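Just below is one structure, and these are the notes that go with it.
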Protein chains: 2
Amino acid sequence: MERQEELVRAAYDLLADRGFEGLRTRDVAAKVGVNIATLHYYFPTKEKLIRGVVGYAMGQFRSTLTPAGAPGEQLRAHFAGLRRLAREEPALFTVMGELAMRAHRDRAIGAIVREVDKTWQAMLAALLRHAAKEGAIATEANPDELAALIVATLKGAFILPPDGRDPRAVDRQLRTLERLIA
Amino acid sequence: MERQEELVRAAYDLLADRGFEGLRTRDVAAKVGVNIATLHYYFPTKEKLIRGVVGYAMGQFRSTLTPAGAPGEQLRAHFAGLRRLAREEPALFTVMGELAMRAHRDRAIGAIVREVDKTWQAMLAALLRHAAKEGAIATEANPDELAALIVATLKGAFILPPDGRDPRAVDRQLRTLERLIA
DNA sequence: CAGTTATTCAATCATCTGATTGATGGAAAG
DNA sequence: CTTTCCATCAATCAGATGATTGAATAACTG
């Protein structure tokens, strides 16, 4: 793997593990087994490194936003994909949470997070419209507002404190939400 | 105001402003106009100060969890109260978000956050049961799961990055959620 | 008032942390 | 082979940061 990529991935892992509060450039370098100066060779400042992490995380997430399958199945598939991601790459959601909080204080990150949210929401709205046409949806609510609500709910579900290590808590909530709209 | 309380309130404000990442004991003391040693006189360690902030924030929030009014009106009143709180004390939600993230890494804070969430959720479930009996609710979903979902949604709604300074975004989502279940 | 306790402060520490510097080894270019 | 460029490292810096110390002051007690 490229040094640059290794460093970003290490920073990503440490961010998930300790949050921005505990993210240290030294630890990132150490995790890759490299001198601090080497880190600064690739990322002149900590900020630049963080931008790298943002790009990496958003890329990871974006890759889950292109559900395949028959139109009517897409919404279900998307939810299933999110459940799988929650199981297999929980760090991603922790990082997303950290970024969401930081977005309040960092305009650049805020813009990126909002942009991804908007894409996600637009995709959901489209799926909802599709599903509505097929009568697979029980509510007549505005698809855009409903999509915004789903995004908020999912973010909230993932941010909630780990419930006595019940990994199925998120799973259950996703299913409840699915049932509520379908 | 008591010194101790002043310090906690200052820390609370700074936490909302800069997150855990940017919370400095010096700044807390300075905000109160007091020497750092004075802060350490009341709070031997930064951790103890943070515990104070947790107690303060949770108290603030708990005080909003006792809606009044006719049983049938309580759910509506609770949502209205949350909307008002989002308008008038937005810092509380930022702090709750910070605590939610920290709960992943701090067992003590995790326990507190979970406990408050549980209380909140139980109250919501009771309200939902009431509302269901009166036929004021459209869905037959399990009140407990529905309550958990609402908690998640509200958390998510408040954590989402400020949308181009549209303070009504949260408002709109709360109304959508209300309509979806009622 | 004398003695004791509760607050507050100036000064200082030890450590942490992001960043820089100058040097070294190796690969690529001529 | 020599020159140039890339990647890396050891050493170090300056400023930040949580915490401590000992003294000064105020408030209370008997």
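Worth saying up front: this structure is predicted, and the values here are computed from it rather than measured. The chains referred to below are lettered A, B, ... by the order of the sequence lines, with proteins before strands, and numbering in each begins at 1.
Between dG18(C) and R24(A), a contact under 4.0 Å exists linking OP1 or OP2 to a side-chain N or O. In this model, the phosphate group of dT7(C) is not approached by any side-chain N or O of T38(B) to a distance below 4.0 Å at OP1 or OP2. In this model, the phosphate group of dT17(C) is not approached by any side-chain N or O of T25(A) to a distance below 4.0 Å at OP1 or OP2. One finds a side-chain N or O of Y41(A) lying less than 4.0 angstrom from the OP1 or OP2 phosphate oxygen of dA7(D).
Comparing atom distances between the Y42(B) side chain and each of dT8(C), dG18(D), dA7(D) picks out dT8(C) as nearest. In this structure, of dA19(C), dT20(D), dT8(D), it is dT20(D) that holds the atom nearest to the side chain of A37(B). The nucleotide whose nearest atom lies closest to any side-chain atom of K46(B) is, among dT21(C), dT8(C), dA19(D), dA19(D). If you check dG18(D), dC9(D), dA10(C) against the side chain of N35(B), the one that comes closest is dA10(C).
The hydrophobic clustering, which links ILVMFWY residues whose side-chain heavy atoms are closer than 4.5 Å, places I36(A) and V28(A) apart.
Separating the CG atom of L39(A) from the P atom of dT20(C) is a distance of 12 Å, rounded to the nearest angstrom. Atom NZ in K48(A) sits about 14 Å away from atom C1' in dG18(C), given to the nearest Å. Whole-Å rounding puts the L7(B) CG to dT7(C) C1' distance at 12 Å. In this structure, I36(B) atom CD1 and dG18(D) atom P are separated by 9 Å, rounded to whole Å. One interatomic measurement links the two molecules: CZ of F43(B) to P of dT8(C), which rounds to 12 Å at whole-angstrom precision. Regarding L14(A), its CG atom lies at a distance of 15 Å from the C1' atom of dT17(C), rounded to whole Å. Summarising the geometry, the separation between CZ on F20(B) and P on dT17(D) is reported as 16 Å, rounded to the nearest angstrom. R18(B) places its CZ atom 13 Å from the P atom of dA16(D), with the value rounded to the nearest Å.
Within 6.0 Å of the CD atom in E88(A), the count of heavy atoms belonging to other residues, nucleotides or ligands exceeds 12.
Residue L49(A) is out of contact with every strand shown, counting any heavy-atom pair closer than 4.0 Å. Among the protein residues, R26(A) comes within range of the nucleic acid bases, having at least one heavy atom under 4.0 Å from a base atom.
Side-chain N or O atoms of K46(B) include none that pairs as donor or acceptor with a backbone N or O of R24(B) at under 3.5 Å.
Figure legend: cation-pi geometry between R102(A) and F20(A), with NZ or CZ positioned under 6.0 Å from the six-membered ring centre and within 45° of its axis.
Side-chain contact, R9(B) with Y56(B): a donor N or O sits under 3.5 Å from an acceptor N or O.
For the pair R3(A) and E47(B), both in contact range of DNA chain D, the more 5′-proximal nearest nucleotide belongs to R3(A).
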